[in-house]
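One structure below.
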Amino acid sequence: MKKTTENTPPGEIPVDKPFVDLVKVSKIFKPSITALQDISISIARGELVFLTGMSGAGKTTLLKLICCLDRPTKGVIEVEGKDLSRLKPKQLQLLRQNIGVAYQNFRILPDLTVFQNISMAMEVAYRSPTVIRRRIDDLLNMLLLTDKRDTETGKLSRGEQQRVAIARAAANSPSLLLADEPTGNLDTETTWQVMNLFKQLNDAGTTIIIASHDETIYKNAPFRTLKLVQGKLV
Amino acid sequence: MKKTTENTPPGEIPVDKPFVDLVKVSKIFKPSITALQDISISIARGELVFLTGMSGAGKTTLLKLICCLDRPTKGVIEVEGKDLSRLKPKQLQLLRQNIGVAYQNFRILPDLTVFQNISMAMEVAYRSPTVIRRRIDDLLNMLLLTDKRDTETGKLSRGEQQRVAIARAAANSPSLLLADEPTGNLDTETTWQVMNLFKQLNDAGTTIIIASHDETIYKNAPFRTLKLVQGKLV
Amino acid sequence: MRYLAYILAQTGRNLKQTWSTQCMTLLTVSLSVLIFAFFFLIYTNMLAAGEKLGDELRLIVYLEDEIVPQMQDQLERKIRGFSDVEKVVYVSRKKAFDRLSKQLDKDKDVLDDLGPDFLPPSIEVYPAKNLHTLTQIKHFADFLATLPQATKVQYGHSWVERFAYFTKLLQIIMFLSGGLLILTTTFMVSYTIRLTIFARREELQILRMLGATDAYIKVPLLLEGVMQGFLGTGFGLLSLYFLFTWIRERFTGPGFLNLFEFSFFPLQILVLITGVSIIFCAGGSLTSMRKLLRL
Amino acid sequence: MRYLAYILAQTGRNLKQTWSTQCMTLLTVSLSVLIFAFFFLIYTNMLAAGEKLGDELRLIVYLEDEIVPQMQDQLERKIRGFSDVEKVVYVSRKKAFDRLSKQLDKDKDVLDDLGPDFLPPSIEVYPAKNLHTLTQIKHFADFLATLPQATKVQYGHSWVERFAYFTKLLQIIMFLSGGLLILTTTFMVSYTIRLTIFARREELQILRMLGATDAYIKVPLLLEGVMQGFLGTGFGLLSLYFLFTWIRERFTGPGFLNLFEFSFFPLQILVLITGVSIIFCAGGSLTSMRKLLRL
Ligand SMILES: Nc1ncnc2c1ncn2[C@@H]1O[C@H](COP(=O)(O)OP(=O)(O)OP(=O)(O)O)[C@@H](O)[C@H]1O
Ligand SMILES: Nc1ncnc2c1ncn2[C@@H]1O[C@H](COP(=O)(O)OP(=O)(O)OP(=O)(O)O)[C@@H](O)[C@H]1O
Ligand SMILES: [Mg+2]
Ligand SMILES: [Mg+2]
């Protein structure tokens with residue numbers, strides 16, 4: 001049970017097998033909104049990929065499919081070599097513990113403190129209290145949130161909330177991290193702090209997908225950029 | 001009653017009197033978070049002002065004080081020549097109908113359609129149904145949302161929701177428009193559409209305050225930029 | 001004009017959007033009214049039935065000797081002066097004898113030898129049929145024994161006592177249950193309303209932020225509350241009426257009907273219940289909302 | 001180990017964060033249990049009281065002539081064969097005469113001339129004290145009239161009839177009220193639980209998204225439900241007990257206690273009520289939650 005909450009040893013899957021693999025994935029919302037159309041993407045273990053595109057292009061929808069919050073209308077999605085549509089509830093839950101997601105609308109609880117919100121993600125994976133405390137303090141430090149540790153997130157500024165969402169996504173040192181518009185409410189300085197965190201995690205082996213419209217963060221970066229236009233990959 | 005829902009004729013207040021006037025405004029959150037400190041700003045009728053600053057600098061707090069969602073700990077705020085702290089409930093309600101606010105966290109109802117969300121703001125000011133329909137169609141057209149008119153906002157992408165919030169703020173052609181991080185979830189193209197809307201409203205005489213960290217929209221623009229650093233104006 | 005139209009439109013839209021919670025709240029109100037009214041109905045009918053059951057009660061005051069009509073009147077006045085009495089009947093020796101011979105029926109010839117004077121004359125007192133006097137019957141009997149000429153007071157002693165206690169117990173039970181039910185239904189309805197209003201706090205807050213006037217926010221809620229109160233009470237009372245007719249048809253024989261005039265509420269009571277319920281629902285909505293709208 | 005600790009910590013935190021709603025739900029459960037149990041208690045005691053009230057009832061079968069003991073036994077057997085009977089007493093002419101003379105007391109000298117044989121012998125039948133036989137009393141009387149030697153059957157005809165109807169009505173009322181109350185309280189409790197769980201849907205969904213296992217989400221909810229059921233029922237029954245002792249102390253005289261052995265629930269019933277309530281609360285939480293967690 002504890003095994004999958006840690007990074008799977010590289011030996012388990014052939015290194016050349018993609019870590020996240022989408023084959024001809026389409027998503028059609030009722031009645032007839034084609035949010036994604038025939039998307040095929042392979043992302044290798046340890047890669048950092050940017051996902052860009054206009055508002056409404058389908059970035060969030062794609063990330064939701066990868067973290068299994070929604071099911072594709074057509075196509076196959078494999079994460080860590082497992083077909084998502086074939087997972088049993090238990091396996092799905094364990095997989096989710098191993099994927100960190102910073103949602104575009106944060107999904108943090110306004111009545112809980114910053115610490116409580118982040119520790120929730122770690123408690124779910126049954127981390128020990130000392131590990132939790134140390135990890136959260138580290139993250140808050142990196143994201144300039146140390147003095148907000150025990151403030152309810154409902155009282156934070158929007159940019160602070162965004163960083164809480166990012167911290168929660170990174171808390172479990174997941175093997176896959178999805179960040180949806182992680183810098184939408186952040187100024188330049190804070191943006192770089194966040195990008196630093198991502199790079200650090202990436203260096204440690206985490207595969208990262210960042211959906212963003214902020215050109216400044218992906219323009220001169222040495223990473224692959226995928227562009228969505230009206231649900232199609234270009 | 002209907003008078004104040006329309007733009008007040010310029011003759012009513014001396015033209016040289018500031019439209020929004022803050023004098024030594026401070027806001028301290030319990031127990032001891034100084035969000036704003038001795039802020040004094042005068043904004044003339046018809047001005048467009050950018051408000052910038054790091055995440056947590058106090059931009060949202062300042063806007064909330066101006067639209068009377070919160071009261072300052074110290075200092076005086078006057079809008080349209082009226083001291084906000086002296087307004088009776090009825091006057092306050094009428095003033096609010098005349099201030100359009102695009103909140104950073106949108107505050108739109110996910111169960112209502114785009115049309116319903118926007119028309120809510122106009123119905124509150126007792127606009128006629130035909131006026132409402134025409135105005136909303138115009139706005140949706142400008143913000144590239146025409147095909148989402150009857151979709152529930154809960155099903156929209158984040159950027160689309162943001163534009164709904166902006167459309168609602170602009171719906172009543174208010175004499176004062178506050179936009180809090182209006183382009184945080186928007187790509188470059190959509191950002192310019194939104195900025196166009198703002199400029200158009202500004203040309204028609206609307207005073208606009210935009211809080212934003214997006215340098216691209218205010219860097220080379222011919223407008224005044226106010227910068228907040230840890231609650232102080234610099 | 002447009003003002004009114006918008007407020008009505010707003011109310012309609014609210015009802016449409018929140019119809020499932022509205023239905024549940026309606027059901028809550030209905031059920032509350034139903035059990036409350038059911039209880040109340042039973043209570044009122046029970047009191048009536050209790051009275052009926054006491055019909056048979058009479059106290060017999062045996063007298064030393066026959067008394068003249070003038071004296072009879074005097075005694076009656078004395079008795080009526082002490083307590084509320086329905087009927088006072090003087091039974092002469094002759095009358096008592098006739099009764100006994102009627103009772104003995106076939107065997108009445110045994111009385112022939114005795115002559116009509118062997119039974120003592122008596123006064124039969126039928127106390128007023130209300131529970132209060134029933135419980136005081138013993139006291140009353142003691143008084144009757146002190147009347148001039150009275151030799152002995154006879155009444156269904158143990159039965160009366162038991163019946164009195166029984167009805168008293170019933171009264172207490174009904175009273176307590178009624179109180180408990182009012183408390184409970186009041187709490188349930190207000191809690192439910194609080195929760196449903198709370199579920200809409202986002203909407204109410206946004207309306208506030210958009211500068212909606214107090215009337216614009218409150219009138220629809222008020223109308224909603226009034227409708228809930230009215231419909232809820234209506235359904236509740238209607239179900240009760242059906243239940244009532246069902247019971248009456250199903251369970252009453254001729255003797256039954258005779259005993260209990262099992263009757264439904266009069267119109268005034270129905271209107272009263274509905275009115276209180278409406279005030280309660282509308283008031284509940286408004287006070288719950290007030291807490292949410294401190295902006 | 002850590003697993004358990006986290007789940008308990010999670011439960012504790014939930015309770016702390018939502019204590020106000022928890023209290024309200026607890027109050028709802030308590031009140032529901034209170035009115036339900038109150039009713040149930042009244043019902044059981046009422047049945048017992050109804051039986052007691054029927055004590056005095058007897059049917060007198062007048063016989064043509066004295067019968068020999070052998071014949072007495074035979075008649076008694078016949079009677080017992082027809083219906084459940086508590087006591088059958090043979091009253092000879094002599095016994096009847098003695099009684100009458102005792103009744104007439106001072107005036108008994110009037111009987112001297114008649115001799116002990118003027119009253120007919122009779123059999124007094126005391127039917128079993130349960131409502132069922134009470135309601136069939138007329139039927140029973142008809143049967144008794146067909147016995148050999150029987151000339152006439154006498155009993156408090158109208159009184160018995162009324163009493164029978166009264167108790168029957170009581171039974172129906174208690175039955176219906178009970179049903180209504182069970183329905184209502186069940187609905188109220190489940191609606192309340194549904195609403196409170198609904199208020200926490202955001203939290204539950206987030207837990208789901210974070211990959212919390214089923215156990216991690218459900219066990220705290222289950223524990224919460226169990227606690228609510230247990231505490232709610234506990235408070236409800238405790239209040240009932242206090243109410244009960246209060247009634248007993250306040251309203252019962254010696255005659256009262258004598259008539260009704262107004263007694264509280266036995267332990268089994270208490271445990272049963274608590275158990276059902278716990279199952280209901282926990283089950284309610286889980287089913288409400290299931291609807292919310294379709295992820
Ligand atoms: N549940 C849904 N039902 C119907 N349509 C939906 C739903 N979710 C998303 N859509 C539509 O699918 C399209 C893609 O949405 P998505 O959220 O993926 O866009 P996005 O690329 O994340 O945009 P943004 O940058 O604005 O967040 C949009 O047009 C949106 O309206
Ligand atoms: N209700 C509150 N209680 C306590 N502190 C608050 C509250 N609201 C805001 N703050 C604090 O006040 C400071 C300023 O907040 P504000 O929301 O104005 O920042 P901002 O400039 O809008 O930031 P961002 O760009 O991230 O939205 C922040 O540090 C925030 O944590
Ligand atoms: Mg998106
Ligand atoms: Mg802000």
Side-chain angles (χ1 to χ4, degrees), chain B residues 1-2 4-5 63-64 67-71 79 87-103 105-113 115-132 152-154 164-165 168-169 171-172 174-176 178 180, chain C residues 1-26 192-193 195-224 228 285-295:
Chain B
M1 196 164 102
K2 277 203 69 188
T4 47
T5 64
L63 293 185
K64 271 193 184 159
C67 68
C68 217
L69 272 188
D70 211 340
R71 295 190 175 277
V79 176
L87 288 182
K88 293 194 197 89
K90 188 94 189 168
Q91 290 178 299
L92 176 65
Q93 285 152 15
L94 292 178
L95 181 70
R96 277 208 190 124
Q97 290 177 15
N98 209 20
I99 302 180
V101 189
Y103 296 96
N105 50 356
F106 309 167
R107 305 301 304 257
I108 53 179
L109 288 170
D111 299 330
L112 298 189
T113 65
F115 183 88
Q116 286 169 337
N117 262 290
I118 303 175
S119 81
M120 209 164 134
M122 300 183 77
E123 281 173 15
V124 155
Y126 303 116
R127 306 274 187 226
S128 86
T130 37
V131 170
I132 292 180
E152 286 136 51
T153 56
V164 174
R168 190 181 62 186
N172 275 329
S175 58
L176 175 63
L178 310 178
D180 199 352
Chain C
M1 223 19 249
R2 190 183 293 164
Y3 171 85
L4 205 75
Y6 270 126
I7 282 176
L8 288 180
Q10 173 79 357
T11 313
R13 218 176 306 147
N14 277 352
L15 290 180
K16 218 168 109 194
Q17 267 151 31
T18 56
W19 68 269
S20 63
T21 24
Q22 298 282 354
C23 283
M24 293 297 268
T25 314
L26 210 65
T192 309
I193 289 179
L195 280 175
T196 47
I197 293 270
F198 194 68
R200 287 164 61 190
R201 68 188 179 290
E202 181 77 4
E203 182 195 337
L204 294 175
Q205 277 177 7
I206 289 176
L207 278 174
R208 224 13 166 202
M209 289 173 169
L210 292 173
T213 52
D214 276 354
Y216 192 89
I217 298 180
K218 283 179 189 166
V219 174
L221 277 176
L222 202 71
L223 284 181
E224 242 179 80
Q228 259 164 14
S285 297
L286 286 187
T287 44
S288 308
M289 190 208 49
R290 184 154 299 174
K291 276 184 210 148
L292 285 176
L293 289 181
R294 293 239 185 82
L295 265 183

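Labels below follow one simple rule: chain letters A, B, ... track the order of the sequence lines, proteins then strands, and each chain is numbered from 1. Note that this is a predicted model, so its numbers are computed, not measured.
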task: Output yes when a side-chain donor or acceptor of C:Y6 lies under 3.5 Å from a complementary backbone atom of B:A125, and no otherwise.
output: no
- prompt: Could you state the interatomic distance from CG (B:N172) to CG (C:L210), rounded to the nearest 0.5 Å?
  reply: 8.5 Å
message: Under 4.5 Å from any heavy atom of chain B, what part of C:I217 do you find: side chain, backbone, both or neither?
response: neither
statement: d(C:Q205 CD, B:L109 CG) to nearest 0.5 Å is 10.5 Å
query: Are C:I206 and B:Y103 side-chain neighbours, meaning at least one heavy-atom pair lies under 4.5 Å?
result: no
task: Return the set of residues passing salt bridge (Lys or Arg N to Asp or Glu O under 4.0 Å) with B:E152 (not counting sequence neighbours), or none when no residue passes.
output: none
- line: dist B:R168:CZ -> C:M209:CE (nearest 0.5 Å) comes out at 8.5 Å
message: So C:R13 and B:M120, do their side chains get closer than 4.5 Å, heavy atoms only?
response: no
Interatomic spacing from CG in C:L207 to CD in B:E123 - rounded to 0.5 Å: 9.5 Å
- line: Whatever's closer than 4.5 Å to a heavy atom in chain C on B:I108 counts as backbone
- prompt: Rounded to the nearest 0.5 Å, how far apart are CG of B:D111 and CD of C:E203?
  reply: 9.5 Å
Structural part of B:P129 lying under 4.5 Å from a heavy atom of chain C: both
- prompt: Looking at residues at least two apart in the chain, or sitting in another chain, which of them share a salt bridge (Lys or Arg N to Asp or Glu O under 4.0 Å) with B:R107?
  reply: C:E202
